[in-house]
Q: 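Below you will find the structure I want to go over with you.
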Amino acid sequence: MHDPRVLKDQLATLQEQLGTRGKDIPWDQIQKLTEQRRELIAQVEDLRHQLKLGSEDVAKRKREKLPTDEVTARLRELGDRIQTLEEPLRKLEEELHGQALRIPNTPQSSVPHGTDASQNVEVRRWGTPPSFDFTPRSHDELGEALGIFDFERASKLTGSRFSLSIGLGAKLERALANFMLELHTQEHGYTEILPPFIVNRAAMTGTGQLPKFEDDAFHLASEDYFLIPTSEVPVTNIYQNEILSEEDLPIRYVAHTPCFRREAGSYGQDTKGLIRVHQFNKVELVNFTHPEQSQDALEALTMAAEKVLQALNLPYRVMALCTGDLGFSAAKTYDLEVWVPSQQTYREVSSCSNFEAFQARRAGIRYRPKKGKATHLHTLNGSALAIGRTVMAILENYQQADGSVNIPNALRSYFSETEHMITPSPKK
RNA sequence: GGAGGGGUGCUAGAGUGGACGAAUAGGCCGGUCUUGAAAACCGGAGUUCUUCACGGGACCGUGGGUUCGAAUCCCACCCCCUCCGCCA
């Protein structure tokens, strides 16, 4: 959410800054509502002031044992008038707030201009894609042959776009989660969090998933609760409506949770394998920082995510998202894309964003500076990494001609010696 | 699920219809004292909306209601605690 003062006084500037990002916003209507609100407030406040003075007069008269009937009759009428104005005012403010929650964040000036993902800018590249003297197979093909995935049976349990990992496939997920959590807690100064996987409407609104993207989330039928689409939601909202002290910052949390996404509107895309599923595991980094430190924090957070790929020796590139591809709440985002041999291209395994005060304003997360008043802090988060997609990258990049897959050195301590290579086993 | 208790500022906690935006204490900030610190003493400070400003309005879990007037009374909901029941 934007600063209400900006909405009130600099709406045109904001519209200009957002450019195509703001093309669906009813700017004129917001302008109109703002003006109406201003007028109504002036009226209501004036009447209320009169009412207050009158009430004090009644209190005084009672003390002095003077009659009050005439005054109270007049005030009753005044109260009625206030009520008739308050109702439209309440509706108006609700409407205005609803609109404000649907305006996306302003991109930082360093964000490249563009309309879609094709105009994202490569920032750097790490590692060399492996060369194979055979045609590399896709991870879903490999996994089925190795007996570690069973997508058919997964769809029997729930439906399409669910995965079922077996044996070393399941263990690989577990090893990766452990490896990532250890790396971030021991090397990067993160504190591990295990949050709820189900959150309420306020939390989803705080981080920006609601109200605009309700269709993307799984909603429980029995309660007004949602399955988390990312641990960003529960972890960022830990400090919802709180004021932290300046010396508490920065706060760095890491969480490993499943993530649930409806993937509405993605029919036909990435229908096979682990790339796009309704439930996947992810290790997520969340930062709460001083406003002046969020830029540096984004670089550090992105680097922490890159360290995972480097340790696993997976080739990747870092992309700066352009204005057209930037998420709703983000002011700046780097995507990490890992090399996928079967597709001869890089695919997203991580998205690292600085939200500046956008989420903090929605969620009411502030800090108290040493001097001055409470101010919204900055929030950031990034996947480090999406585990399913990392499994995909490992299978594909570490595959051998015979269809077996080596376990990366960095993960071997989580496996017994006989498990350092996954070899094909017939499907049961 | 049943019974009871409770949600007040940064924190603890008082306040049960009018001079209450809210006692008191702690913490915080500034000062006196001190070589420095601590202690003691003195002083200061909530959030937010509206207005160019003066000023004014709102905010005691949330939403309604009663009343001239609500932190205080009524209703509904949410959350926390204790006991009982059930349970991984």
Q: Provide the distance between the two P atoms, one in B/rA71 and one in B/rG17, to the nearest whole Å.
A: 13 Å

Q: Surrounding NE2 of A/His420 (heavy atoms of other residues, nucleotides or ligands, distance under 6.0 Å), is the total greater than 12?
A: yes

Q: Among the candidates B/rA58, B/rC68, B/rG65, find the nucleotide nearest to the side-chain atoms of A/Thr72.
A: B/rC68

Q: What does A/Arg366 touch in the nucleic acid at a heavy-atom separation under 4.0 angstrom: a base, only the sugar-phosphate, or nothing?
A: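 Here A/Arg366 touches the backbone only, sparing every base.
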
Q: Taking the nucleotide of RNA chain B with the nearest heavy atom to each, does A/Arg76 or A/Arg37 sit closer to the 5' end?
A: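 Result of the comparison: A/Arg37.
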
Q: Could you please name the partner base of B/rG4, counting Watson-Crick and G-U wobble pairs only when both distances are under 3.5 Å?
A: B/rC81

Q: Output the rounded distance in Å from CG (A/Leu75) to C1' (B/rC68).
A: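 Rounded to the whole Å, the gap is 5 Å.
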
Q: Take the protein atom CD of A/Glu86 and the nucleotide atom P of B/rG64, then report the distance between them rounded to whole Å.
A: 9 Å

Q: Applying a 4.0 Å non-hydrogen cut-off, can you work out what A/Arg61 is touching in the nucleic acid: base, sugar-phosphate, or nothing?
A: nothing

Q: Using atom P in both nucleotides, what's the gap between B/rA3 and B/rG85 to the nearest angstrom?
A: 15 Å

Q: What residue among A/Lys332, A/Gln108, A/His378 forms side-chain hydrogen bond (donor to acceptor under 3.5 Å, both in side chains) with A/Glu356?
A: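 Among the candidates, only A/Gln108 passes.
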
Q: How is A/Val58 classified with respect to the nucleic acid when contacts are heavy atoms under 4.0 Å: base, sugar-phosphate, or nothing?
A: base

Q: Checking all strands, does A/Leu78 fall into the base, sugar-phosphate, or nothing category for heavy-atom contacts under 4.0 angstrom?
A: nothing

Q: When rounded to the nearest Å, what value does the distance between P atoms of B/rC73 and B/rC60 take?
A: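 Straight-line distance between the two P atoms is 14 Å.
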
Q: For the side chain of A/Tyr225, counting heavy atoms from C-beta on, which of B/rG69, B/rC79, B/rC49 is nearest?
A: B/rC79

Q: Nearest whole Å is fine: how far is B/rG69 P from A/His49 NE2?
A: 16 Å

Q: Which is it for A/Leu244 and A/Arg366 under the side chain to side chain contact (heavy atoms under 4.5 Å, CB included) test, yes or no, and what are the steps along the way?
A: CA-CA 6 Å; A/Leu244 306 173; A/Arg366 292 177 291 175; over 6 Å; no

Q: Are the aromatic ring centres of A/Phe328 and A/Phe213 under 6.0 angstrom apart?
A: yes

Q: I want to verify a distance call: between B/rC79, B/rA19, B/rC68, whose nearest atom is closest to the A/Arg63 side chain?
A: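 That would be B/rA19.
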
Q: Measure the distance from CG on A/Leu51 to C1' on B/rU67 and round it to the nearest whole Å.
A: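 So the two atoms are 11 Å apart, to the nearest Å.
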
Q: Testing the 3.5 Å rule here: is there a donor-acceptor pair between the side chains of A/Glu39 and A/Gln43?
A: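 No, no side-chain donor-acceptor contact under 3.5 Å.
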
Q: Could you work out the separation of B/rC84 and B/rG15 based on their P atoms and round it to a whole Å?
A: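 To the nearest whole Å, 30 Å.
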
Q: Have A/Tyr253 and A/Glu284 got a donor and an acceptor in their side chains that come within less than 3.5 Å?
A: no

Q: Please name the nucleotide paired to B/rU47 by Watson-Crick or G-U wobble geometry with both distances under 3.5 Å, or report none.
A: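 Pairing partner, where one exists within any strand: B/rA58.
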
Q: Can you tell me how far P of B/rU47 sits from CG of A/Asn241, to the nearest Å?
A: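 After rounding, the gap between these two atoms is 15 Å.
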
Q: Which base sits across from B/rA40 as a Watson-Crick or G-U pair, both distances under 3.5 Å?
A: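 The answer is B/rU32, by the H-bond criterion.
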
Q: Taking atom P in both B/rU8 and B/rA40, compute the distance separating them and give it to the nearest angstrom.
A: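 After rounding to an integer number of Å, I get 28 Å for this pair.
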
Q: In whole angstrom, give me the gap between the P atoms of B/rG27 and B/rC78.
A: 39 Å

Q: At less than 4.0 Å, is any side-chain N or O atom of A/Arg48 found next to OP1 or OP2 of B/rG69? Yes or no.
A: no

Q: Within the structure, does a side-chain N or O atom of A/Lys52 lie under 4.0 Å from either OP1 or OP2 of B/rA58?
A: yes

Q: Separation of A/Arg5 atom CZ from B/rU47 atom C1', in whole Å?
A: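 To the nearest whole Å, that distance equals 12 Å.
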
Q: In whole angstrom, what separates A/Leu85's CG from B/rA58's P?
A: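 Distance check: A/Leu85 CG to B/rA58 P gives 15 Å.
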
Q: On a plain distance test, is the side chain of A/Arg368 in donor-acceptor contact with the base of B/rA45 below 3.5 Å?
A: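 Check fails, no donor-acceptor contact within cut-off.
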
Q: Which comes earlier along RNA chain B counting from the 5' end, the contact point of A/Asp46 or that of A/Ile41, where each point is its nearest nucleotide?
A: A/Ile41

Q: Nearest to the side chain of A/Ala59, which nucleotide is it out of B/rC79, B/rC49, B/rG18?
A: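 Closest of the options to the side chain of A/Ala59: B/rG18.
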
Q: In terms of the angle between their ring planes, are A/His290 and A/Tyr367 parallel, tilted or perpendicular, with boundaries placed at 30° and 60°?
A: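 Because their plane-to-plane angle lies in the 30° to 60° range, the rings of A/His290 and A/Tyr367 count as tilted.
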
Q: Nearest whole Å is fine: how far is B/rC10 C1' from A/Tyr367 OH?
A: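 From A/Tyr367 OH to B/rC10 C1': 16 Å.
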
Q: Can you tell me the base-pairing partner of B/rU66? Count Watson-Crick or G-U wobble geometry only, both distances below 3.5 Å, and say none if there is no partner.
A: none

Q: Suppose you measure atom P in B/rG46 against the same atom in B/rA23; what distance do you get, rounded to whole Å?
A: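 The same atom, P, in both gives a distance of 11 Å.
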
Q: For A/Lys60, answer base if it contacts any base atom (sugar-phosphate contacts may also be present), sugar-phosphate if it contacts only those atoms, and nothing otherwise; contact means non-hydrogen atoms under 4.0 Å.
A: nothing

